[in-house]
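As structure tokens, the structure follows; a few thoughts come after it.
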Amino acid sequence: MSAISERLLWGRPERRTRHWSVFVGGFAGVVLVLLLVVTFGGGRGSGLVYDHLLPAALFYAPPVVAALSAVRGGGLLVSVAVGLVPALSFGVVALLRRVVTGAATGESPLWTLVVAFGIVGLVGASVGFALGRGAVRLRER
């Protein structure tokens, strides 16, 4: 594998672990906290979280986080992970709710929702990665 394609896939080699923990781990932490507040919050103060913050974190944030990661030197794999974070977090919290309360989250099978969220997240993160890399290329000229 050439050095350019390896860098595009994995990102800059210096501080790679820190980059993964900040962008993927930080984003996963924020999404998990929001999902747990909505799921187990008991209705107190979850209107703002449920109506505004949760949709932004699940659908609008992956392209932005992936673009920021690409600008900071992250690779395509970081963006793929960022795109999958909302879907996997939703699946984990839905399973946790099912185990704790015994109640299902809805009429659709959980796997279909996880796959749908995953597709939306991957498409958004891919677009964000491409825009971030494009911004870096423009800045280098």
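Note on Phe129 and Leu131: separate hydrophobic clusters, where clusters join Ile, Leu, Val, Met, Phe, Trp and Tyr whose side-chain heavy atoms are under 4.5 Å apart, directly or indirectly. Residues Phe40 and Val30 share a hydrophobic cluster, clusters being chains of Ile/Leu/Val/Met/Phe/Trp/Tyr side chains in contact below 4.5 Å. By the criterion of side-chain heavy atoms lying less than 4.5 angstrom apart, applied directly or through intervening Ile, Leu, Val, Met, Phe, Trp or Tyr residues, Leu68 is grouped together with Phe59 in one hydrophobic cluster. Val85 and Val127 are assigned to two separate hydrophobic clusters, defined by single-linkage of ILVMFWY side chains at heavy-atom distances under 4.5 Å. Following chains of ILVMFWY side-chain contacts shorter than 4.5 Å, one cannot reach Val115 starting from Leu88, and the two form parts of different hydrophobic clusters.
The side-chain hydrogen bond (donor to acceptor under 3.5 Å, both in side chains) check on Ser69 picks up His19, with sequence neighbours excluded. In this view, Ala57 and Val31, Leu34 satisfy the side chain to side chain contact (heavy atoms under 4.5 Å, CB included) rule, not counting sequence neighbours.
The two residues Ala94 and Leu110 make their nearest non-hydrogen contact at CB-CD1, 3.6 Å. Closest heavy-atom contact between Val71 and Gly132: CG2-O, 3.7 Å. Considering every non-hydrogen atom in both Ala66 and Ser79, the closest pair reads CB-OG, 3.6 Å. Minimum interatomic distance between Gly118 and Ala87 (heavy atoms only, all atoms of both residues): N-CB, 3.4 Å. Annotation for Val136 and Ala70: closest pair CG2-O, 3.9 Å, computed over non-hydrogen atoms.
Between the side chain of Ser89 and the main chain of Pro86, no donor-acceptor pair closer than 3.5 Å is present.
Here the OG1 atom belonging to Thr112 is positioned 9.5 Å from the CZ atom belonging to Phe117, to the nearest 0.5 angstrom.
Residue Leu96 is tested with Leu35, Leu36, Thr101 for a side chain to side chain contact (heavy atoms under 4.5 Å, CB included); the sole match is Leu36. When each of Leu32, Val64, Val22, Val65 is tested with Phe27 by the rule side chain to side chain contact (heavy atoms under 4.5 Å, CB included), just one qualifies, namely Val65.
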